[in-house]
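Have a look at the structure below, then the notes.
On a predicted model such as this, the values are computed, not experimentally measured, just so you know.
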Amino acid sequence: MDPEQAPGFRFHPTDEELLNHFLNQKKLGYDAQVSDIGEVEICKFEPLQLPERAATQTNDYTWYFFSRPHYKYRNSKRANRKTNGGYWKVTGKERKIMDENNKEIGTKKTLVFYQGNVPNGVKTNWVIHEFHSNMNYSDQRNFVLCRLKQQPE
């Protein structure tokens with residue numbers, strides 16, 4: 001029996017593992033070592049279309065993706081999170097992610113998907129946790145890691 005299909009198996013990395021093992025390796029170009037998480041341009045799809053594009057399929061309504069940030073303007077740091085049918089809105093405060101030595105290694109933002117246009121969008125049950133690494137090398141690639149969740153109705 002394939003271990004990924006075995007009862008009780010889950011792909012459920014911690015926030016620290018997502019940053020240190022997956023995101024930092026992806027940013028450095030070690031794609032083969034992080035093949036459990038696929039690369040998707042999140043805003044080219046509606047949330048309902050994303051689960052089928054995940055490299056690792058799960059039964060717990062949680063999927064993982066690497067994505068390159070898209071910015072509203074050429075020299076801006078303001079992210080553009082609009083899709084054809086809605087937009088991802090940042091909610092709450094950005095949270096620090098610490099390693100076992102209590103050193104900050106990155107941050108996590110929570111985004112909720114709204115159908116429609118600002119300011120009349122309708123909140124949905126789709127949530128993304130967007131992970132940003134503090135790793136800063138001149139030759140690294142620009143990626144974020146997204147954990148997509150569909151909350152129960």
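- Hydrophobic clustering (ILVMFWY, side-chain heavy atoms < 4.5 Å, transitive): M135 and Y30 are in one cluster.
- Screening R81, K149, R95 for a salt bridge (Lys or Arg N to Asp or Glu O under 4.0 Å) with E130, the sole residue that qualifies is R81.
- For the atom pair N84 CG and Q49 CD, the distance stands at 8.5 Å (nearest 0.5 Å).
- With a 4.5 Å cut-off on side-chain heavy atoms, N117 and K82 count as touching.
- Using a cutoff of 4.0 Å between basic side-chain nitrogens and carboxylate oxygens, D15 and R147 are scored as salt-bridged.
- A side-chain donor-acceptor contact under 3.5 Å links D99 to the backbone of N101.
- Annotation: side chain of P152 is not in contact with side chain of N125 (no heavy-atom distance under 4.5 Å).
- Side-chain contact of H70 with E41: a donor-acceptor pair under 3.5 Å is present, judged by distance alone.
- One distance of note links CZ of F113 with NZ of K123; it measures 14.0 Å at 0.5 Å rounding.
- Of all the heavy atoms in W88 and P47, the pair that sits closest is CZ2-CG, 3.7 Å.
- Judged by the 6.0 Å and 45° rule, K89 forms a cation-pi pair with Y114.
- Ring centers of Y64 and F11: under 6.0 Å apart, within the cut-off.
- Residues K109 and L111 form a side-chain contact, since some pair of their non-hydrogen atoms from C-beta on lies under 4.5 Å apart.
- Between P51 and L148 the shortest side-chain heavy-atom distance falls below 4.5 Å.
- Side chains of T83 and E46: a donor-acceptor N/O pair is present below 3.5 angstrom, by distance only.
- Summarising the geometry, atom OG belonging to S133 is positioned 14.0 Å from atom CZ belonging to F22; distances are rounded to the nearest 0.5 Å.
- Between V144 and F131, the closest side-chain pair of non-hydrogen atoms is not below 4.5 Å.
- Not a single donor-acceptor pair under 3.5 Å links the side chain of T91 to the backbone N or O of V112.
- Taking CZ of R78 as the start and NZ of K72 as the end, the distance is 4.5 Å to the nearest 0.5 Å.
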Review point. After noting the C-alpha distance and the side-chain angles of I128 and I42, does the key distance pass the side-chain contact (heavy atoms from CB on, under 4.5 Å) rule?
Key: CA-CA 10 Å; I128 280 183; I42 297 287; 3.8 Å; yes
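- For the pair K27 and F143, the cation does not sit on the ring face, since its NZ or CZ is not both under 6.0 Å from the ring centre and inside 45° of the axis.
- Residue F65 is grouped with residue Y61 when hydrophobic side chains (ILVMFWY) are merged at heavy-atom distances under 4.5 angstrom, including chains of intermediate members.
- Residues E94 and K108 are not in side-chain contact: their nearest non-hydrogen atoms beyond the backbone lie 4.5 Å or more apart.
- In terms of heavy atoms, L50 sits closest to F45 at CD2-CB, 3.8 Å.
- T56 contributes a side-chain N or O that, together with a main-chain N or O of D36, makes up a donor-acceptor pair within less than 3.5 Å.
- Expressed to the nearest 0.5 Å, how far NZ of K44 lies from CZ of R53 amounts to 11.5 Å.
- Atoms OG1 and NE2, from T14 and H21 in turn, are 11.0 Å apart once rounded to the nearest 0.5 Å.
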Exercise for review: Please step through side-chain contact (heavy atoms from CB on, under 4.5 Å) for the pair E104 and N134, ending with a clear verdict.
Suggested key: CA-CA 8 Å; E104 184 180 337; N134 286 355; 3.5 Å; yes
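- V127 is listed as a side-chain neighbour of T110, based on a closest heavy-atom distance under 4.5 Å.
- For W126 against W63, the heavy-atom pair with the smallest separation is CZ3-CZ3, 3.8 Å.
- With contacts defined as side-chain heavy-atom distances shorter than 4.5 Å, the pair S67/E39 does not qualify.
- Residues L18 and P13 come closest through the heavy atom pair CD2-CG, 3.4 Å.
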